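Take a look at the structure below.
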Amino acid sequence: MPELPEVETTRRGIEPHIAGQVISAIKVRQPQLRWPVPKQIQQLCGATIDAVKRRGKYILLETQQGTALIHLGMSGSLRITHPDIPPEKHDHVDLLVGDDIALRLRDPRRFGAVLWSVGGELHPLLSKLGPEPLGEAFDAVYLHEKSRKRVPAVKTFIMNAQVVVGVGNIYANEALFAAGIDPRRAAGAITLAEYQELVTHIKAVLARAIKQGGTTLRDFVREDGQSGYFQIELQVYGRSGETCHQCGLMLTHIRQTQRSTWFCAHCQR
DNA sequence: CTTGTCACCTGAGCGC
DNA sequence: TGCGCTCAGGTGACAA
């Protein structure tokens, strides 16, 4: 998916176009996303969008009638367009806002989701999420305590949304490199001092990516459909067969729980 | 309880 | 050109 920086970039991009506006209609062309788009979503028609928020990688459109939850999955994107512009092949859902704005969800792989929860109630998918990585509750003491006696690799651990939300494969790889930590080590074997480094770099790499407007990768596009981002300078992610920018030695590529991991066996201990 | 694997889906890239 | 294979930013559901 778009990772947290891409989701936050999207949220910031759509917010000024739809906040305070009335949802006039919801068109679902393809209801079969990760979960079927619930019919109750139509209850949002006529409601005013009070706020455009984000929790983890979910975008939340809050109204008095309930909240729309949008997840972009692996290949989703949201854009602001005009309702008259014909949808393309993978444009599955339109949220019509006012008379001339369409918030259009495109998602070729359909791993994304559009869900609904009644006003005031927390959707079950959000109830077990860990803290926001850029919030104060996410710190070294928290990670250290949470990880004691945990067997899984530290990379798997920080990608677990119940531990902390929003750390996807790119930024997990990058933060571990920046912190000098071998991604294969058991989460429970990482010291408090090492978690301090890791937390610092998770926050830094995410903040920097948000500042740059999200990493451009494949099908992530900004809310207006443009894609002219600065490519974030990736130190390890996707750099198979290349050398470490710090020491010059060849990077290592492995798989951990079905996900690609790149690291420098010399710089990361 | 924790941990690992599978599944969902389309499209791009590669070797033959 | 085309086929078959692998890979891709996520994450809930299930088995062990």
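Small disclaimer: the values here were computed from a predicted structure and weren't measured. Naming: A, B, ... by sequence-line order, numbering from 1 per chain.
Comparing the P positions of B:dC1 and C:dT11 gives a spacing of 23 Å, expressed to the nearest Å. The gap from the C1' atom of C:dG9 to that of B:dT3 amounts to 24 Å, rounded to the nearest Å.
The side chain of A:Arg259 contributes an N or O atom lying less than 4.0 Å from OP1 or OP2 of C:dG10. Contact annotation: A:Tyr237 reaches the phosphate of C:dG9 (side-chain N/O to OP1 or OP2, under 4.0 Å). Residue A:Gln258 places at least one side-chain N or O under 4.0 Å from the OP1 or OP2 atom of B:dC6.
Residues A:Leu134 and A:Ile210 are in side-chain contact: their nearest non-hydrogen atoms beyond the backbone lie under 4.5 Å apart. The shortest side-chain heavy-atom distance between A:Asp107 and A:His90 does not fall under the 4.5 Å cut-off.
A:Ser260 comes within 4.0 angstrom of sugar-phosphate atoms only, judged by non-hydrogen atoms across all strands, and of no base. Contact annotation for A:Arg34: base contact, defined as any heavy-atom pair under 4.0 Å involving a base atom. Among the heavy atoms of the strands lying under 4.0 Å from A:Arg255 are primed sugar atoms or P, OP1, OP2 only; no base atom is included.
Ring pair A:Tyr195/A:Phe157 is tilted by interplanar angle, where 30° to 60° counts as tilted.
In terms of heavy atoms, A:Cys267 sits closest to A:Cys244 at SG-SG, 3.7 Å.
With B:dT10, B:dG4, C:dG12 as the choices, the nucleotide that has an atom nearest any side-chain atom of A:Pro152 turns out to be B:dG4. Side chain of A:Arg109, nearest nucleotide from C:dG12, C:dG10, B:dC9: B:dC9. Of the candidate nucleotides B:dC9, B:dT5, B:dT3, B:dT5 has the atom nearest to the side chain of A:Thr257. Side chain of A:Leu125, nearest nucleotide from C:dG12, C:dG9, B:dG4: C:dG12.
Here C:dG12 presents its P atom at 12 Å from CE of A:Met159, a figure rounded to the nearest Å. In this structure, A:Asn160 atom CG and C:dG12 atom P are separated by 9 Å, rounded to whole Å. A:Leu33 has its CG atom 21 Å from the P atom of B:dA7, to the nearest Å. Distance A:Trp35 CH2 to B:dC9 P: 14 Å, rounded to the nearest Å. Between the OH atom of A:Tyr58 and the C1' atom of C:dG10 there is a distance of 9 Å, rounded to whole Å. For the pair A:Asn173 CG and C:dG9 P, the computed distance is 9 Å after rounding to whole Å. Here B:dG4 presents its C1' atom at 15 Å from NZ of A:Lys155, a figure rounded to the nearest Å. The nearest whole Å value for the distance from the CG atom in A:Asn169 to the C1' atom in C:dT11 is 13 Å.
Heavy atoms of other residues, nucleotides or ligands lying less than 6.0 angstrom from CG of A:Asp99 number 12 at most.
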Tell me, what's DNA chain C's dot-bracket, Watson-Crick or G-U with both distances under 3.5 Å, | for other-strand, [ ] crossing? .|||||||.|||||||

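Considering CE of A:Met159 and CZ of A:Arg259, their distance stands at 4.5 Å, rounded to 0.5 Å. Interatomic distance, CD of A:Glu174 versus CD of A:Gln235, reported as 6.0 Å (0.5 Å rounding).
Among the candidates A:Arg29, A:Arg106, A:Arg110, the single residue satisfying the salt bridge (Lys or Arg N to Asp or Glu O under 4.0 Å) test with A:Asp91 is A:Arg106.
Where stacking is scored as ring centres under 5.5 Å apart with planes under 30°, A:Phe111 registers as stacked on the base of B:dC8.
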Working for side chain to side chain contact (heavy atoms under 4.5 Å, CB included), residues A:Arg11 and A:Val7: CA-CA 6 Å; A:Arg11 190 199 66 76; A:Val7 177; 5.6 Å; no

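If you chain together hydrophobic residues whose side chains sit under 4.5 Å apart, A:Val118 and A:Val114 fall into the same group.
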Between the protein and nucleotides 11-13 of chain B, list every N/O to N/O distance that falls short of 3.5 Å.
unit_1	atom_1	unit_2	atom_2	d
B:dG11	OP1	A:Lys89	NZ	3.2
B:dG11	OP1	A:His90	NE2	2.6

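Between A:Arg12 and A:Glu15, none of the side-chain N atoms (NZ, or NE/NH1/NH2) sits under 4.0 Å from a carboxylate O, so this pair counts as no salt bridge.
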